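Protein chains get the first letters and strands the later ones, always in sequence-line order, with residue 1 at the start of each. All of these numbers come straight from a predicted model, not from anything done at the bench.
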Amino acid sequence: MIGKLAPWYREHGRHALPWRASRDRWTVLVSEVMLHQTQVPRVAAVFDTFMARFPTPAATAAAGPAAVITAWGRLGYPRRARWLWEASLRIVQDGWPSDLSELPGVGRYTAAAVAAQVDDDDRVGIEVNIRRVCERVLGTRLAESEAEECVREIGKGLRPRDRLLAMMDLGATVCTARAPSCDRCPIVSLCATRGTHADETKRRPQARYVGSFRQRRGTVMARLRVGPVAAAELDGEVLASLLDDGLAEVTRGRAHLPRPPRRGSSPGAGVRGR
DNA sequence: AACTCGGGGGT
DNA sequence: ACCCCAGAGTT
């Protein structure tokens with residue numbers, strides 16, 4: 001099949017996204033972590049400001065977890081910020097691991113995506129957009145290994161970096177989840193579906209957010225970001241879970257909070273042993 | 001395999 | 001109200 005994806009990508013790829021300008025490993029890693037379950041426009045809005053403050057692993061590690069978690073702002077899933085700081089510390093101490101999935105918060109997809117973008121590594125990462133494109137092209141649900149093979153087929157002639165970004169951009173801007181624009185699709189001629197089909201991998205339905213424990217955590221995190229607050233003013237159960245995740249360090253030096261419990265310490269009579 | 005983990009925007 | 005989002009870690 002003639003490669004129509006490459007010219008489409010050259011013309012319609014989202015080359016202006018701020019992180020696309022760099023092949024710096026740290027810059028690309030930060031972008032990928034921020035993009036976990038988070039839409040592109042939300043990341044684009046804060047990316048340059050974040051990178052100006054945390055331009056390198058050394059700067060990030062030196063800034064400490066509280067600064068990173070605070071700067072994360074309202075991006076959501078603040079554990080990502082905590083893990084990113086931990087990753088920066090490991091990189092400073094031990095150097096970059098050959099497999100980035102050794103870093104906290106970096107899984108199969110992110111490790112492959114960073115390697116592809118920075119080193120043109122041939123490993124294929126599968127995320128939601130690429131999976132959707134492949135499942136529609138083949139007209140059936142795919143295991144990860146099958147999706148990888150599909151990407152190699154569709155992306156023939158593209159270098160790994162361009163292959164990854166072209167497939168993602170296609171999924172994000174043309175082969176969208178709800179209403180694909182098949183009339184604008186460069187590979188519609190080899191697509192078995194040309195629309196949506198019932199067998200597509202479905203997102204696991206999230207638990208209702210309004211009224212959830214997650215929302216309570218979000219409320220406490222928002223309060224902690226503002227500034228000092230006494231622990232007694234916060235939801236104790238939520239605060240305990242934040243301490244478990246290393247997120248209450250956002251308040252280090254600014255508030256009176258209990259220290260995280262030591263392993264093996266005996267629980268007291270308080271809320272959940274704290 | 002199923003759960004948990006934020007938050008915002010689109011429909 | 002429900003769906004969607006460049007996932008990862010834990011159980």
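For residues 209-218 of chain A, the pairs satisfying side-chain hydrogen bond (donor to acceptor under 3.5 Å, both in side chains) are A:Tyr77-A:Arg214, A:Arg216-A:Asp235, A:Arg216-A:Glu237, A:Arg217-A:Ser241, A:Arg217-A:Asp245, with sequence neighbours left out. Applying the side-chain hydrogen bond (donor to acceptor under 3.5 Å, both in side chains) rule to pairs touching residues 40-59 of chain A yields nothing, sequence neighbours excluded.
Under the rule for a side chain to side chain donor-acceptor pair (under 3.5 Å), A:Asp121 has no partner lying at least two apart in sequence or in another chain. Residues satisfying the side chain to side chain donor-acceptor pair (under 3.5 Å) test with A:Arg74, not counting sequence neighbours, are none.
At least one donor-acceptor pair under 3.5 Å links the side chain of A:Ser22 to the backbone N or O of A:Asp24.
Contact of the A:Phe50 side chain with the A:Trp72 side chain is registered, since non-hydrogen atoms from C-beta on lie closer than 4.5 Å.
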Item to complete: Check the pair A:Cys134, A:Met167 against side-chain contact (heavy atoms from CB on, under 4.5 Å), reporting the backbone distance first and the verdict last.
Response: CA-CA 9 Å; A:Cys134 289; A:Met167 291 291 287; 3.9 Å; yes
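Across all strands shown, A:Ile130 has no heavy atoms under 4.0 Å from either base or sugar-phosphate atoms. The residue A:Arg74 sits close only to the backbone: its heavy atoms come under 4.0 Å of sugar-phosphate atoms, none of a base.
The nearest whole Å value for the distance from the CG atom in A:Asp245 to the P atom in C:dT11 is 11 Å.
Comparing the P positions of C:dA8 and B:dG8 gives an interatomic distance of 23 Å, to the nearest angstrom. When the P atom is used for both C:dA6 and B:dC5, the distance is 22 Å, rounded to whole Å.
Checking A:Thr201 against A:Arg132 by side-chain atom types alone, no donor-acceptor pair falls below 3.5 Å.
On the nucleic acid side, DNA chain B contacts chain A at distances under 4.0 Å to non-hydrogen atoms, with the end points of that region at B:dC3 to B:dT11.
In this structure B:dG6 sits in no base pair that meets the Watson-Crick or G-U test at under 3.5 Å.
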Discussion item. Return a single string for nucleotides 2-9 of chain C, one symbol per nucleotide in 5' to 3' order, where B is base contact, S is sugar-phosphate-only contact and - is none, cutoff 4.0 angstrom on heavy atoms.
Written reply: -BBBBBSS
